[in-house]
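Have a look at the structure below, then the notes.
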There are 2 protein chains.
Amino acid sequence: MKGATIRDVARRARVSHQTVSRVINGHESVTDETRERVLRAVRELEYVPSAVARSLSSQRTHTLGMVTTDVSDHFFAEAVAGAEAEARKRGYFMIIGSIEEGSEDDERTYLHLMLERRVEGLIVAVPRLRLAEDDPLADAVARIPTVLVASDIDLAGADHVDIDNRRGGHEATGYLVAQNHRLIGTITGPLDWPSARARLDGYRDALKDAGIAADRTLVEPCVDWGLESGRRAAERLLASAPKLSAIFAQSDLLALGAIATLRARGLRVPDDVSVVGFDDIPVSSVVDPPLTTVRQPMREVGELAARLIGDRAASSRKTKGSRHTLRAPLIIRGSVARLDGGRIR
Amino acid sequence: MKGATIRDVARRARVSHQTVSRVINGHESVTDETRERVLRAVRELEYVPSAVARSLSSQRTHTLGMVTTDVSDHFFAEAVAGAEAEARKRGYFMIIGSIEEGSEDDERTYLHLMLERRVEGLIVAVPRLRLAEDDPLADAVARIPTVLVASDIDLAGADHVDIDNRRGGHEATGYLVAQNHRLIGTITGPLDWPSARARLDGYRDALKDAGIAADRTLVEPCVDWGLESGRRAAERLLASAPKLSAIFAQSDLLALGAIATLRARGLRVPDDVSVVGFDDIPVSSVVDPPLTTVRQPMREVGELAARLIGDRAASSRKTKGSRHTLRAPLIIRGSVARLDGGRIR
DNA sequence: TAGGGCTATGTTACCGGTCACATCGGAGAA
DNA sequence: TTCTCCGATGTGACCGGTAACATAGCCCTA
């Protein structure tokens, strides 16, 4: 009763299985009358074609695999959504693997499982991934189109998509400088994330451009990107540089955490201390004050990744790996105040 | 060169393909020496077994399908992450379909595509889904284990997982009442979402329990769950009931939007007006004031959904659809103030 | 020492589609 | 009228695994 096959339908419609195949694939050269008969049989038997059998036979799975650090993180969720939408437009399905914190070799396991599934493309969004010797990822790249998202791994043959973190960091810091800030602290994400390092580089570039001497005590790294870390980092920062007038936090959550600390110390934002974030998560526009931040277009990142794979699959020739960097624009809101010329807090 | 099959490996190792199958599946009764030989051939040919062929032959895909409204929404992203983690634990892979706003029949298309893929279970998290006559979803339920998340559709044979929205709404409102609030407004989500209606019911229950008369002008529905809507709803609410002392917003974003409006009107939170939200999104704990809210355990919802499918698949007998309601606890923070006895703002 | 039973391995069919090619019948051309 | 060609349909192999059964040694026991 359950699981009619193409041959069951054929028998019922009194045609060959091949004719059924023609009908369900919309091929020409089938009489209207025959088609009708077949379709009726399909309905009566509640026949649903098997993508599995089709894949085996046609050697196409129409499936893309995506491995991410954690889908529940807004950042990756957006990328997944973007990739999914774009993939779907092109007739692909998406299978996802979300790597739980803690398990070491999970990326590799996932990768292998996806290869077994014969995905036709791979999106790897695992920022901290380091390449081992003889890494299975290299194998994967050799087999199927692969896009590395937000990774600093340099893998020949793979496409790379990333945010221009350095420029983003530069703009954020540069904006603070333009508002006459001179003593600018920064709260960074974990420095084993390439994005954190890049943003820090941007911060330093901007200070250098402005002729402001680098000061190590103004750089406060965190172990994660969360609120609590921002809170504590701000405390350390205030301890080591009580007179700073601005903070560039590498994520909105870090920024919000920092703001909480500032408030707790009786400092007003932005009147006493200005704050710039990074991400532009949905709440950033409604917190008090609305957060000035650098917007990460993660959805576009996901879309682009899927599009690259689609294009590559379509052209089917092996191109060299391309490199795409999406601009992360500064969104100016209300958490930065202009400092009166020369005044130091 | 690319795509060695089990027979290629067999030839190379000078055994039958069946022996290769035994080795890669870790079967007993293979000599160490033979196994070694096979494994070497596997390595040399870079053989990766085809899950597609395996699925066709074994009639198992080890795949779960999940259809959601929008993965980039924190709410669903959490559920996806939870489901994914649990599925993985049980050896399942997850394919996801995220329904873009606007396209009407997408759920059905996705459903059909997933049936074609022969998913072994289906998680449908599409709150506003309405059942059409002769709905394909009913077919799906008849074929494979299905879990409906946050839906009020009553489908025999399907399992249901949901948050106890009514109780959540009741607790939130009841808490305000306990703090001596009497004039309590509510900002609801779109009322075609079952969760919005349930929370509203909870709100009404609580008022009734306290002997407070219902007042239609205190209920302000929104077209979505976002900040901007919260802002505007609060304005309408203040216009129609300027003396209210508390607001129960059905999402944290609505609550934050409302707080923004209150601030703009010079009203302090919680001193002048208390606010309770719903969701407990990550920022809720760090905004100013920290938001008192009802926590939705979405991750657990996803986990439970996946677990139910796993159990059902394992027992393989058709149980009646079960119904699971997860408690959404009130998280008390700082956005609610106690009203002095009898005082009315 | 023959037969039973176990282990290691091979053989063949099958899962449910697609593909390449064969076949058949009728319309149009010579 | 006969030949040709083409549209409609059928046949059998194949995709890459798994399952069930067959077979060949080997050890042990009676």
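Letters A, B, ... are given to chains in the order of the sequence lines, protein chains preceding strands, and every chain is numbered from 1. These numbers were taken from a predicted model, which means no experiment stands behind them.
- Picking from D/dG16, C/dA8, D/dC15 the nucleotide with the shortest atom distance to the side chain of B/Ser57 gives D/dG16.
- Classification of A/Asp135 and A/Arg130 as a salt-bridged pair fails, no side-chain N sitting under 4.0 Å from a carboxylate O.
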Where do N or O atoms of nucleotides 25-28 of chain D meet protein N or O atoms at under 3.5 Å, pair by pair?
none

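- Summarising the geometry, the separation between OH on B/Tyr47 and C1' on D/dG17 is reported as 7 Å, rounded to the nearest angstrom.
- For A/Asp154 and A/Arg323, the salt-bridge test passes: some basic side-chain N is under 4.0 Å from an acidic carboxylate O.
- Rounded to whole Å, atom P of C/dT9 lies 10 Å from atom CG of B/Asp32.
- Side-chain N/O atoms of B/Ser29 and B/His27 include no donor and acceptor closer than 3.5 Å.
- Taking the six-membered ring where tryptophan is involved, the planes of A/Tyr110 and B/Phe93 are perpendicular, since the angle between them exceeds 60° and thus also 30°.
- Between the CZ atom of B/Arg11 and the P atom of D/dG17 there is a distance of 12 Å, rounded to whole Å.
- Between A/Arg11 and A/Glu44 no salt bridge is recorded (no basic side-chain N to carboxylate O distance below 4.0 Å).
- Phosphate contact (OP1/OP2 of D/dG16, side-chain N/O of A/Gln59, threshold under 4.0 Å): present.
- For the pair A/His27 NE2 and C/dG17 P, the computed distance is 15 Å after rounding to whole Å.
- Rounding to the nearest 0.5 Å places CZ of B/Arg35 at 12.5 Å from CD1 of B/Ile24.
- We find that A/Glu303 and A/Arg299 are joined by a salt bridge, their nearest charged nitrogen and carboxylate oxygen being less than 4.0 Å apart.
- Contact annotation for A/Ser55: no contact, since no heavy-atom pair falls under 4.0 Å across all strands.
- The nearest whole Å value for the distance from the CG atom in B/Leu56 to the P atom in D/dG17 is 12 Å.
- The phosphate of C/dT9 has OP1 or OP2 within less than 4.0 Å of a side-chain N or O from B/Thr34.
- With salt bridges taken as basic N to acidic carboxylate O contacts below 4.0 Å, one links B/Arg37 and B/Glu33.
- Which of D/dT18, C/dG17, D/dG17 sits closest to the side chain of A/Pro49 comes down to C/dG17.
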Could you go over nucleotides 10-13 of chain D and give all protein N or O partners under 3.5 Å, atom names and distances?
| unit_1 | atom_1 | unit_2 | atom_2 | d |
| --- | --- | --- | --- | --- |
| D/dG10 | OP2 | A/Ser16 | N | 2.7 |
| D/dG10 | OP2 | A/Ser16 | OG | 3.1 |
| D/dG10 | OP2 | A/Thr19 | OG1 | 2.8 |
| D/dG10 | O6 | A/Arg22 | NH2 | 2.7 |
| D/dT11 | O4 | A/Gln18 | NE2 | 3.4 |
| D/dG12 | O6 | A/His17 | NE2 | 3.0 |

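- Ion pairing between B/Glu86 and B/Arg90 holds under the 4.0 Å rule for side-chain N and carboxylate O.
- OP1 and OP2 of D/dT18 both lie 4.0 Å or more from every side-chain N or O belonging to B/Ser58.
- Identified under the salt bridge (Lys or Arg N to Asp or Glu O under 4.0 Å) test for residues 50-66 of chain B, with sequence neighbours left out: A/Glu116-B/Arg54, B/Arg60-B/Glu120.
- If you measure from atom CD1 of B/Ile6 to atom C1' of D/dC15, you get 13 Å, rounded to the nearest angstrom.
- A straight line from NE2 of A/His62 to P of C/dT18 spans 11 Å, rounded to a whole angstrom.
- The listed nucleotides are D/dT9, C/dG17, C/dT9; the one nearest the side chain of A/Arg54 is C/dG17.
- Here the P atom of nucleotide C/dG16 and the CG atom of A/Asp8 are 8 Å apart, to the nearest Å.
- Among the nucleotides D/dT18, D/dT9, C/dT9, the one closest to the side chain of A/Thr31 is D/dT9.
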